[in-house]
There are 2 protein chains.
Amino acid sequence: MTHQRQVLYEAMQKMHGHPSPEDVYLRVRRRIPSISLATVYKNIHLFIESGILREVSLHHGSLRVEMNAHAHHHLICVVCKSITDIDEAVLPLAAKPKHLPGGFRAERYAVDVLGRCQACQKEESAQKAS
Amino acid sequence: MTHQRQVLYEAMQKMHGHPSPEDVYLRVRRRIPSISLATVYKNIHLFIESGILREVSLHHGSLRVEMNAHAHHHLICVVCKSITDIDEAVLPLAAKPKHLPGGFRAERYAVDVLGRCQACQKEESAQKAS
DNA sequence: TATTGAACGATAATAATTATTGTTTGTCAA
DNA sequence: TTGACAAACAATAATTATTATCGTTCAATA
C-alpha cells in the first residue's frame, strides 16, 4: 500500500455517482499534483480486481451488437469476459414496472449475471491444486 | 436504403453472438471489399437508433466506477445516457440462483433498466408539440 | 436527364487505455 | 547503516476504438 494508492482510495471514497478514471484523476490531483493518469488506471484496476470496487457495467473494449432477437439476458464471466445468452424464462424477473421512481419510464430490462464460467472455474481449481 | 446498408444488414443477420464493429467489418468486406470501417460504424449506429439492433450493454465512453456501496441497480436513460441508482429492494428479482445452465457460477446480479428519464421525456414531448 | 442531398471511402483527428522506460522508494539482510 | 532488489512511480509513446472531415459518388426525384 503506497502513498498514491492510499490517497486514491480515500479520495474515491468521498466521490459519489459513477466517476470515470479521468474524474478520479482530476480530483486526486488536488492532493498529489504530480500523480500520473496511468497510476490512476492501474490502481482502479487493482481495486476492481481485489473486489474493493466495482465497475458500473462491464466494458468489452468495444461496442458489441446483439444478434439474438428474442428476449434473453447475459452471463458474463468476470475472468475471461465471455458473454453467454440465457433465455429470459430461465431468469425470472419478479416484475417489470413501466414506471419507476423519479419519473423514469422503463422500456427494457437487461439482467447481467456476473460470475465465472465453467472453463474458468476449472482453470482456477487446477491452478490452486498445483 | 443504400446497397452498403442492405449488405451490412444481411451479413449481420447471419452473424451470431455479440460481434464488434470490427468483426462486422471483416465479414462484410467479403461482399464489398471497398467498404470503409466508418460506414460500418455509421450504419450500426443507425440500426441501433432505429431500434432494428441493440447493443449488448450500454457503452459509457469510458470505464465507470461504482461508488454506491449497497446493493442497487441502474436506471439508464437511452437518450442522455445518465445513470441513476435504484435500490435493489425497489426492483425485485424473483430469484438469484448461484448455479446456472452450462456450469456458470453466479456471483452478482446486475439489472440495467433502459428507458427515458423524466427530463428527456419532457424534452421529447416539447419537441413534438413544436 | 439534371439536380441535389445523403451516403460513401479515405483518412485525419480525438478519446480511452495500455505499454514502455528510466527513476524513485521502501524493505530486508548483511 | 548500506547495498541490492522488487514494486511502484511519472512521463510519455503506442495502441485501440471511435468520430469527424472532406472530396467524390450515387440514387431519388423534379
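To find a chain, count down the sequence lines: A is the first, B the second, and so on, and within it residues start at 1. As a basis for the values below, the full set of heavy atoms in this structure was taken, side chains included, without hydrogen atoms, waters or symmetry mates.
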(request) Would you sort out whether Glu88(A) and His70(A) count as a side-chain hydrogen bond (donor to acceptor under 3.5 Å, both in side chains), showing the intermediate values? (result) CA-CA 9 Å; Glu88(A) 195 182 53; His70(A) 60 272; over 6 Å; no
(request) Please report, rounded to the nearest Å, how far the P atom of dC9(D) is from the CD atom of Gln6(A). (result) 12 Å
(message) With a 6.0 Å cut-off on the ring centroids, do His59(A) and His60(B) count as close?
(response) no
(message) I'd like the 5' and 3' limits of the part of DNA chain C contacted by chain A, with heavy-atom contacts below 4.0 Å.
(response) dA16(C) to dA19(C)
(message) Pick the closest DNA chain D nucleotide for Pro33(A) and for Leu46(A) by heavy atoms, then say which residue is nearer the 5' end.
(response) Leu46(A)
(request) Give the minimum heavy-atom separation between Pro101(A) and Ile86(B), together with the two atoms involved. (result) CD-CD1, 4.0 Å
(request) Return yes when atom CZ of Arg105(A) has more than 12 non-hydrogen atoms of other residues, nucleotides or ligands closer than 6.0 Å, and no otherwise. (result) no
(message) Taking 4.0 Å as the cut-off, does a side-chain nitrogen or oxygen of Asn43(A) come that near to OP1 or OP2 on dC9(D)?
(response) yes
(request) Ignoring backbone atoms, test whether Thr39(A) places a side-chain nitrogen or oxygen under 4.0 Å from the OP1 or OP2 oxygen of dC9(D). (result) no
(message) Using every non-hydrogen atom in the two residues, find where Ser20(B) and Ser62(A) come nearest and quote the distance to one decimal.
(response) CB-OG, 3.4 Å
(message) Measure OH/Tyr25(A) against C1'/dT12(D) and give the value in whole Å, please.
(response) 12 Å
(message) For a quick test of reading the model, state the closest non-hydrogen atom pair linking Ile83(B) to His74(B) and the distance between them.
(response) CG2-CD2, 3.6 Å
(message) Under the ring-ring contact (aromatic ring centres under 6.0 Å, His included) definition, can you give me all pairs with a residue in residues 22-55 of chain A, not counting sequence neighbours?
(response) Tyr9(A)-Phe47(A)
(message) Output one letter per nucleotide in nucleotides 17-30 of chain D: B when a protein non-hydrogen atom lies under 4.0 Å from the base, S when only the sugar-phosphate is that close, - when neither is.
(response) SBBB----------
(message) For a quick test of reading the model, state the closest non-hydrogen atom pair linking Tyr109(A) to Val113(B) and the distance between them.
(response) CE2-CG2, 3.6 Å
